[in-house]
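Below is one structure, written out as structure tokens, with a few remarks after it.
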Amino acid sequence: MLDLQFICDHREEVEQNCKARGVTVNVEAVVRLRDERNKLIVAGDELRRQQKEASGKIPKASAEERPQLIELGKQLREQISEVESQQKAVEEELRSEQAQIPNMTHPDVPVGGEDDAAEVRFGGKKPEFDFKPLDHVEIAAKLDLIDFEAGSRVAGHGFYYLKNDAVMLEMALVQFALSKLRSEGFTLYTTPDVARDSVLEGIGFNPRGDETQIYSIANTDLSLVATAEITLGGALKDQTLNISELPLKFAGLSHCFRTEAGSHGRSTRGIYRVHQFTKVEMFAFTSPDSGQSDAVHQEIVRIEEEIFQALGLHYRLIDTATGDLGGPAYRKYDLEAWMPGRGDGGSYGEVTSASNCTDYQARRLNIRCKSPDKKGTQYVHTLNGTAISCARAIIAILENYQQADGSVVVPEVLRPWVGKDVIAV
RNA sequence: GGAGAGGUGGCAGAGUGGCCGAUUGCACCGGUCUUGAAAACCGGCGUGGGGUCAAACCUACCGUGGGUUCAAAUCCCACCCUCUCCGCCA
């Protein structure tokens, strides 16, 4: 959520930003509702003051004065409850308008849609094949690594069983990512796979809407998490941190559940777009100065790149354009790994993303920090980034490391955990 | 799942209808004393909203949401959470 005061003071900038992001919102309504709310607050405060005054006199009042004061108090109570219900209605409307306004955007972010992302740089080397590379579905079939049929029988389309060495590969990726993050000073967590709807909303998900990506659990206020971003960010909900302990860097392992409503037929082959996968996520809380959050953002991207470099995979780093940012992000970098079996002749597929959400999530989650020299508190900045998203990383490994004989070489850094150098029949 | 206890400011911990936004202790900040430090003493010290050039000031907040009352931390209801014991269980 964007700061109310900021929206009202920078109306044109906010409107321009929404336009660049392709979001239609009613900034005018926010300003109008804010003014309306303020009037009601002032009126309510005055009535409450009068009521306090009247009821404060009662204990000392004479027998004659008392009934009058009680009568006055009754009247004031009615007026107050009238003003309060108006205020509540206005605030509800205000909040829902305000919630639709996306975060502001880093000035260097390219303007446009999905195709306007800026290519920042490339890493690793594209593999060369002297045979026609297969896609991960075919490779997995030959090596008996994924059971899609069992997945559908048991849970439906979009679910799968990893099997045999694919299981070891997934565990190896998790171990590798966690080891790397521990050495980078992250605090490691395994997190709940469910969270309260209020936490999901704080991070920026709509758990129960028509177009939700979220599985919710009937008769509870719990939903399955779509990413550990939700549980890691939510971990410090309503907390006030000391600015000297920032930045805090968390890493969390969780399962991720997504309904993928409305995306059927779009890159759904294999395990590219699935309803459940395992992911190691980074999350950082920084002080509210964009210098620190920008620096941590670069650090998160650096770590993502180092992970894919260590895996020996070719990738490109893109700076996501305004229209493709999503509400909470101020800036977002995606790492796209080369997937030789994808599409016709290979293509890049998104494997990580790293967002700086500035104070947008912190405001709704109410995560603040305090500095000794400043009165009051400020909202922290939050950032998140993927260390390893297992399903897609497995696609990249299988397709890039496939051999003419159908076997798959295990990336060197994963061998200690996979326990072999080559996955073969 | 059953029984009990409890949730109050950074922490500990009083407060059972009006004098309570809240006693006290610790922590923290400033000062006196001291060569310096500690101790002692004095003073300060919550968060949000409104308001103001800035203050003053007003208002809200004692787990959350409702209710009773002229008046609620305090009484009533629901929910959430924590702890102890019992049962069940990987």
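In what follows, chains carry the letters A, B, and so on, assigned in the order in which the sequence lines appear, proteins first and then strands, with residues in each chain numbered from 1. No experiment lies behind these values; they were computed from the predicted model shown.
- Comparing B/C81 with B/G63, their C1' atoms sit 7 Å apart, to the nearest whole Å.
- When Watson-Crick and G-U wobble pairs are counted only if both distances are under 3.5 Å, B/C41 pairs with B/G31.
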Quick test: give all pairs of protein nitrogen or oxygen and nucleotides 69-77 of chain B nitrogen or oxygen below 3.5 Å, distance rounded to 0.1 Å.
residue	atom	partner	partner atom	Å
B/C70	OP2	A/R77	NH1	3.4
B/C70	OP2	A/R77	NH2	3.2
B/C70	O4'	A/I70	O	3.3
B/A71	OP1	A/Q51	NE2	3.3
B/A71	OP2	A/R77	NH1	2.7

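- The separation between A/E84 atom CD and B/G67 atom C1' is 14 Å, rounded to whole Å.
- Taking the C1' atoms as reference points, B/G1 lies 33 Å from B/U16, given to the whole Å.
- Of the nucleotides present, none pairs with B/U52 by Watson-Crick or G-U wobble criteria with both distances under 3.5 Å.
- Considering only heavy atoms from C-beta on, A/V380 stays 4.5 Å or farther from A/L248 through its side chain.
- Within residues 4-13 of chain A, no residue is approached by RNA chain B to less than 4.0 Å at the level of any non-hydrogen atom.
- To the nearest whole angstrom, the two C1' atoms, one in B/G65 and one in B/G7, are 16 Å apart.
- Comparing the P positions of B/G87 and B/C80 gives a spacing of 25 Å, expressed to the nearest Å.
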note = 5' to 3', nucleotides 55-60 of chain B under a 4.0 Å protein heavy-atom cut-off (B base, S sugar-phosphate only, - none) gives ---BSS
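- B/U82 and B/A5 make up a base pair, with Watson-Crick or G-U wobble contacts both under 3.5 Å.
- Regarding A/Q239, its CD atom lies at a distance of 13 Å from the C1' atom of B/C81, rounded to whole Å.
- When rounded to the nearest whole Å, the span between CG of A/L47 and P of B/G50 equals 18 Å.
- A/K88 comes within contact range of the sugar-phosphate backbone alone, with a heavy-atom separation under 4.0 Å but no base atom that close.
- Nucleotide B/C62 forms a pair with no other nucleotide shown, judged by Watson-Crick or G-U wobble geometry with both contacts under 3.5 Å.
- Applying the Watson-Crick and G-U wobble criteria (two distances, each under 3.5 Å), B/A14 pairs with nothing in any strand.
- In this structure, A/D35 atom CG and B/G50 atom C1' are separated by 13 Å, rounded to whole Å.
- Rounded to whole Å, the separation between the P atoms of B/U69 and B/A54 comes to 42 Å.
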Short heteroatom pairs, N/O only, protein and nucleotides 45-48 of chain B, under 3.5 Å:
residue	atom	partner	partner atom	Å
B/U47	OP1	A/K370	NZ	2.9
B/U47	O3'	A/R368	NH1	3.2
B/U47	O2'	A/R368	NH1	3.1
B/G48	OP1	A/T377	N	3.4
B/G48	OP1	A/T377	OG1	2.6

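- To the nearest whole angstrom, the two C1' atoms, one in B/C20 and one in B/G9, are 14 Å apart.
- On the C1' atoms, B/C57 is 9 Å away from B/U52, given to the nearest whole Å.
- Computed from coordinates, the A/E245 CD to B/G10 P distance equals 14 Å when rounded to whole Å.
- In this structure, A/R196 and A/R66 both approach RNA chain B, and ranking their closest nucleotides by distance from the 5' end singles out A/R66.
- Atom CG of A/N242 is separated from atom C1' of B/G10 by 10 Å (rounded to the nearest Å).
- The stretch residues 137-150 of chain A participates, sequence neighbours left out, in these salt bridge (charged side-chain N to carboxylate O under 4.0 Å, His left out) pairs: A/D144-A/K163.
- Among residues at least two apart or in separate chains, ring pair (Phe, Tyr, Trp, His ring centres under 6.0 Å) pairs with a member in residues 186-243 of chain A are A/Y189-A/F250.
- Just one residue in the list A/E399, A/R342, A/R269 forms a side chain to side chain donor-acceptor pair (under 3.5 Å) with A/H136, and that residue is A/E399.
- The aromatic rings of A/H275 and A/F159 sit tilted relative to each other, their planes meeting at an angle between 30° and 60°.
- Atom name P, nucleotides B/G6 and B/A56: the rounded distance is 40 Å, in whole Å.
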